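Scroll down for the structure; my scribbles are underneath it.
Please read all numbers here as calculations on a predicted model, not as lab measurements. Start at 1 with the first residue, then count along the sequence.
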Amino acid sequence: MKTSILLYTGTTLLAFLGTYFLNLGADNAEQYLAVVAVVFIDGFFGVWAGTKLEGFKTNKALSVLKTLMVWVFMLTGILMIEKGFHGTEWLSETICAPFILFQLISAMKNAARAGLIKNDLLQTILEKIDKHKS
């Protein structure tokens with residue numbers, strides 16, 4: 001009897017958590033995909049540039065996965081706060097938008113280091129970004 005109660009309680013708890021995170025991910029799939037995409041784009045070009053310059057380094061390639069996990073967990077926490085507290089809907093845009101911008105700039109710099117973008121073009125792009133900041 002006690003074993004079945006514990007089993008049902010554990011199963012119910014796992015089902016609740018699984019459903020909660022499934023709904024959170026489904027409702028905010030675009031935000032999760034944006035974070036995953038920019039981390040992998042930056043990581044791809046970073047590994048490519050690193051391989052060309054100093055050879056393949058496993059620890060640098062694995063840092064892409066570490067960065068991805070950190071930002072997915074942070075986004076999950078932010079979205080949970082947004083869902084739980086009325087008036088905090090601005091948090092994910094405020095915290096994640098600068099991260100995405102910096103990752104995209106890093107991806108462009110890594111692509112230039114890999115030889116895929118000419119440095120002149122990269123400098124022009126970065127100057128245009130600086131003009132819009134003011």
Closest contact, heavy atoms only, [X] versus [Y]:
X      : Y      : result
Ala49  : Arg113 : CB-CB, 3.7 Å
Ala107 : Phe45  : O-CD1, 3.8 Å
Leu68  : Val35  : CD1-O, 4.5 Å

Check whether more than 12 heavy atoms from other residues, nucleotides or ligands sit under 6.0 Å from atom CZ of Phe102, and answer yes or no.
-> no
Enclosure of Lys109 NZ (heavy-atom neighbours >12, cutoff 6.0 Å) = no
Using the side chain to side chain donor-acceptor pair (under 3.5 Å) rule, collect all pairs that involve residues 33-47, keeping only residues at least two apart or in two chains.
-> Asp42-Gln103, Asp42-Ser106, Asp42-Asn110
Quick one: pull up CH2 in Trp48 and CZ in Phe56 and give me the separation to the nearest 0.5 Å.
-> 14.5 Å
Starting at CG of Asn28, measure out to CG of Leu33 and round the result to the nearest 0.5 Å.
-> 11.0 Å
Any chain of hydrophobic side-chain contacts (each under 4.5 Å) joining [X] to [Y]?
X      : Y      : value
Trp90  : Ile95  : yes
Trp71  : Val38  : yes
Phe73  : Ile100 : yes
Leu101 : Val39  : no
Phe85  : Ile78  : yes

Look at the side chain of Gln31 and the backbone N and O of Leu75, then say whether any donor-acceptor pair between them is shorter than 3.5 Å.
-> no
Validation row: Tyr32, Leu79 side chains within 4.5 angstrom (heavy atoms) | yes
Hey, are the side chains of Leu65 and Phe40 touching, using non-hydrogen atoms and a 4.5 Å cut-off?
-> yes
Partners of Glu54 by salt bridge (charged side-chain N to carboxylate O under 4.0 Å, His left out), sequence neighbours excluded?
-> Lys60
